[in-house]
Each structure stands twice: as structure tokens, then as C-alpha cells.
There are 2 protein chains.
Amino acid sequence: MTDSQPSAGETPSDSTVPKVVVSRLSLYLRELQRLQAAGQETISSSQLGTLLGFSDAQVRKDLGFVGQFGYPGVGYRCDELVLAMRDILGTNQPWPVAMVGVGNLGLALLGYRGFGRQNFSIVAAFDADPAKVGQTIQGLTIQPLDELATTVQEKHVRLGMIVVPGPQAQEVSDQLVAAGVEGIVNFAPVTLTLPPHVQVVGVDLAIELEQLSFAVTNKLVKTLPQE
Amino acid sequence: MTDSQPSAGETPSDSTVPKVVVSRLSLYLRELQRLQAAGQETISSSQLGTLLGFSDAQVRKDLGFVGQFGYPGVGYRCDELVLAMRDILGTNQPWPVAMVGVGNLGLALLGYRGFGRQNFSIVAAFDADPAKVGQTIQGLTIQPLDELATTVQEKHVRLGMIVVPGPQAQEVSDQLVAAGVEGIVNFAPVTLTLPPHVQVVGVDLAIELEQLSFAVTNKLVKTLPQE
DNA sequence: CGGTGTGAAAGTTTTCACAGCG
DNA sequence: CGCTGTGAAAACTTTCACACCG
């Protein structure tokens with residue numbers, strides 16, 4: 001019920017940035033971090049675009065949605081832009097995440113180092129299977145689901161990750177919402193019904209392959225960028 | 001784009017279907033398969049749309065891109081539409097997949113049952129680590145990378161899955177392309193450079209979380225559908 | 001110069017609205 | 001009737017092109 005308080009600091013993050021633009025911002029950030037690590041100081045929109053398969057104009061327009069970062073005649077300073085993108089995408093602050101479902105995939109995600117790089121960390125893991133509860137993995141003790149609400153509170157968890165089989169996903173999702181998470185990554189192959197104030201991103205591995213089988217079958221040369 | 005290909009035919013899969021439409025077709029198929037399993041015979045565009053968070057018009061337009069499947073006054077017959085969608089997306093035929101990189105995530109994907117459901121099966125797994133080569137997992141013996149080309153040929157592999165760390169991904173990708181795969185799912189957090197006839201879908205788990213942290217921070221209520 | 005930021009034009013996708021059909 | 005398929009309108013996104021800047 002509270003109003004929205006963007007307060008993102010200095011960026012004009014008021015207006016709505018199209019979703020597709022946000023997804024490209026993530027790609028820019030990923031590439032910029034690589035360039036930065038490689039010691040590159042500055043980059044132009046056309047260089048960055050070429051690296052990712054976009055036009056220079058698109059890079060500039062996209063960045064224009066969230067601020068003004070460039071130096072005419074020079075381009076963008078990598079480290080400055082990395083900082084700005086992280087601010088905008090939210091990864092300058094830590095994000096404690098709760099995972100539900102510690103099967104094959106859950107285990108793998110617990111061990112995935114890539115999350116930490118962007119300030120996400122899985123701080124609690126839950127499973128409905130009593131045989132799994134109590135086991136310690138990657139330093140985390142698997143908890144029963146009835147501890148979810150308390151733990152979310154205690155550990156200031158804002159995001160949940162659903163890694164249970166499809167048929168259980170909606171119920172888990174309801175529990176995460178009741179516990180107060182603000183966003184959910186859903187690895188289960190079902191569409192979740194959620195209150196509108198809870199954000200969701202779905203990752204269905206079979207669907208990704210399906211997109212590919214369509215593209216291959218139809219020899220789509222159409223679009224370029226990945227992810 | 002000028003004139004239309006008036007009804008008549010069955011699958012006018014000639015013209016280019018926008019990428020965003022294809023991704024929704026996958027969601028329709030997923031939902032339809034669930035409905036079918038639940039015994040539902042028919043469904044209208046508005047029911048299907050409601051289930052997924054789309055408008056009825058969008059469902060009809062999307063389906064209109066790939067054919068004519070509906071019965072006025074009735075809707076769509078679930079089993080018919082499932083078959084048609086699978087034909088279009090390519091999952092009525094089997095897709096043998098080669099996986100490269102058998103770490104945490106690779107292991108989890110090897111055990112993931114969801115692929116089989118859509119006719120994908122991982123028929124070979126490769127790793128550069130000599131300690132892993134020769135191990136048998138899920139009935140598959142891990143092979144060295146130098147066997148990639150031969151195995152791709154022998155097993156008629158058309159798709160590859162890259163599950164190696166970022167720095168190795170481009171090289172692996174080059175090898176997959178050289179071996180003749182037509183499409184790649186890339187789980188490594190880098191953008192690959194590929195010849196234009198090879199299709200790619202990128203899945204970067206950290207980026208998915210990033211999209212969520214942006215959405216949560218900016219209280220985006222904007223868009224609805226997942227995946 | 002080389003390169004940004006940005007209006008205006010072109011192109012694409014979504015929504016509307018309605019004829020037509022079983 | 002209820003619901004599809006589809007042109008036409010509206011909304012949105014990308015590309016173009018150019019003023020301006022260091």
C-alpha cells in the first residue's frame with residue numbers, strides 16, 4: 001500500500017525502463033566487468049555493441065534510459081559504468097536468497113560461484129523431505145519448510161528460489177509470499193500465480209532447449225543477441 | 001509481409017515468427033500439456049491467456065502466426081493443439097544433445113528429467129579434466145574433448161550444451177561448431193562469437209537474479225508473464 | 001576528429017473491434 | 001450464442017541522422 005520510493009540516488013529511474021532494455025543492461029554489465037578485469041579503461045557504444053551483437057545506437061539509447069554516462073569523443077569509462085549499472089540493477093547491495101528444494105539442481109545452484117560475483121548469496125535452504133533436513137551442504141544446514149517464515153525474517157531474505165518439482169511449486173510459492181519475499185526465481189516448469197507486488201522470473205530449462213530446436217529447424221538467422 | 005497466405009495450408013511456418021512469439025508458444029505448450037494431463041478437452045484463448053497472464057487477443061494472434069487451430073464457439077482442442085505446437089517447436093522429433101563440462105551444474109542437468117519430457121536427451125558428455133573422463137554418470141561415460149567431433153557424427157547430435165566456466169566457453173563453442181552442431185545452449189556467463197548459421201540461447205543464472213533485483217527495487221508491476 | 005545524447009522516422013508488436021462460423 | 005481469425009489503430013522499440021562536445 002505504501003507508495004513507491006525509487007530513491008535510486010542520482011539516476012532518473014523514475015520512468016519505466018522497458019523490460020527488454022533491462023535485460024540488455026545486464027549484458028552490458030557482464031561485458032563491462034570482463035573488460036574492466038582485462039584492464040580496459042574506456043569503451044565506445046559501437047565497440048560494446050559489436051561485442052554483444054547490438055548497434056551502437058541501441059547501446060546509447062539503452063543507457064540513455066537510466067542516465068548519462070558517456071564522454072563525447074571518448075566513450076564510457078568502464079569502471080564508472082560498471083558502478084552505475086550495478087547501482088541501477090541493484091547488485092551493489094547484498095541480496096540474501098532463500099532456496100526451496102534441494103534436489104540435483106538445487107545442490108548445483110548452492111555450489112554455483114557465479115551468484116556471489118553479483119552480490120547474491122543463498123543464506124538458507126529448505127526441503128520438505130525429512131531425510132534431507134539437517135544435512136549440511138556448502139556450510140548451510142537444510143531446514144524444514146515450517147521454519148521458512150522465521151528464517152526469512154531473521155536473515156532479511158528478499159528473494160526466493162524455487163527448485164522443487166512442478167506440482168509442488170505453487171504451494172511453495174504461496175509460502176514464500178506469505179513469508180514476505182519480494183521476488184521469486186522459479187525453476188519449476190509451471191506458471192505461478194502470484195500477487196502483483198511480487199516479482200517473478202521463470203527459468204525453464206526444457207523451454208530454452210525448445211526455443212533452440214525451433215530456431216534450428218527454421219534456420220532463423222533473424223536475431224542476434226544471446227540470453 | 002504484404003499479402004497474406006490465405007488459410008488453405010496447414011502450417012505456414014515459412015514467414016518469420018517473432019522471437020517473442022516463439023517464447024510464448026512454448027508457454028502455451030507447457031500449459032496445454034498440463035491441461036491435457038488433467039483431462040481438459042478444450043480451452044478458449046481467454047482461458048489460456050488468463051492462466052498465463054496474457055490477453056485473449058494475444059493468444060489468438062500468436063497462434064495465428066503458425067496456423068489455424070481453433071473452432072469458433074468452442075476454442076481449441078487441447079490434444080490437437082499440443083501436437084501442433086510440438087510439431088512447430090520441433091519436439092515431436094528426438095533431439096540428441098551433447099553436453100560439455102561436467103561440474104556441479106552439468107551433473108544436475110544430466111539428472112534433470114524435464115528434458116526427456118520434451119524429447120531432448122543428453123547422449124554424450126565431455127570434460128577436459130582427465131580425472132573426470134571415464135567416470136560413468138546416469139549411464140553416460142564422460143569422454144575427453146578430442147572425441148567430440150566423432151561422437152557428434154556417430155550419435156547425430158545437433159545441439160550442444162556448454163556448462164564450462166566462462167573462460168573456457170568460447171573455445172568449447174568453437175569445437176562444437178567445428179563438430180557440426182546447429183545450436184548451442186550456453187550456461188557460461190559470457191557472450192559467444194558464433195557463425196550466423198549456428199543458433200544460440202544463453203542462460204545466465206546470475207543475470208536472472210539481476211533482473212529480479214532490478215524489478216524488486218523498482219517495484220515494477222509492469223509486465224506479467226514469466227520466463 | 002571521434003563519439004555522445006536525442007528528436008524524428010521507420011519498423012515491430014500489441015490491442016481493439018468486428019465479421020463470420022458452427 | 002460463444003469464440004475464432006484478422007484487418008486496422010494504437011503503442012512501443014529500434015534505427016537514423018545530426019547537433020554538439022572535448
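Every heavy atom of this structure was used, including side-chain atoms; hydrogens, water molecules and symmetry mates were not. In what follows, every chain begins at residue 1, and chains take the letters A, B, ... in the order their sequences are listed.
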Nearest-angstrom distance from the residue atom CG of B:Asp62 to P of C:dT12: 17 Å
Separation of D:dT6 C1' from B:Phe69 CZ (nearest whole Å): 15 Å
Spacing of B:Leu63 atom CG relative to D:dG5 atom P, expressed in whole Å: 8 Å
Length of the line joining A:Gln68:CD and C:dG3:C1', which is rounded to integer Å: 14 Å
Give every donor-acceptor pair under 3.5 Å between a side-chain atom in residues 112-120 of chain A and any protein atom, sequence neighbours left out.
from: A:Gln118; atom 1: OE1; to: A:Arg86; atom 2: NH1; distance (Å): 3.2
from: A:Asn119; atom 1: ND2; to: A:Thr91; atom 2: O; distance (Å): 2.9

Atom-pair distance (CZ on B:Phe65; C1' on D:dT6), nearest Å: 12 Å
Nucleotide N/O of nucleotides 15-20 of chain D paired with protein N/O under 3.5 Å:
from: D:dT15; atom 1: OP2; to: A:Ser55; atom 2: OG; distance (Å): 3.3
from: D:dT15; atom 1: O4; to: A:Lys61; atom 2: NZ; distance (Å): 3.1
from: D:dA17; atom 1: N6; to: A:Arg60; atom 2: NH2; distance (Å): 3.4

A:Asp56: partners by salt bridge (Lys or Arg N to Asp or Glu O under 4.0 Å), with sequence neighbours left out: A:Arg60
Any B:Tyr71 side-chain nitrogen or oxygen under 4.0 Å from OP1 or OP2 of C:dG20: no
Whole-Å gap separating C1' (C:dT12) and NZ (B:Lys19): 15 Å
Separation of atom CD in A:Gln47 from atom C1' in C:dG3, rounded to whole Å: 10 Å
For A:Glu41, all residues meeting salt bridge (Lys or Arg N to Asp or Glu O under 4.0 Å), sequence neighbours excluded: none
Those residues that, when tested against A:Asp174, pass salt bridge (Lys or Arg N to Asp or Glu O under 4.0 Å) (two or more places apart): none
Listed nucleotide nearest any side-chain atom of B:Ser45, set C:dT14, C:dT4, D:dT4: D:dT4
Non-hydrogen atoms of A:Phe69 and A:Ile88 that approach each other most closely: CZ-CD1, 4.0 Å
Interatomic distance, B:Tyr28 OH vs D:dT4 P [rounded to whole Å]: 12 Å
Set of side-chain hydrogen bond (donor to acceptor under 3.5 Å, both in side chains) partners for A:Gln58, sequence neighbours left out: none
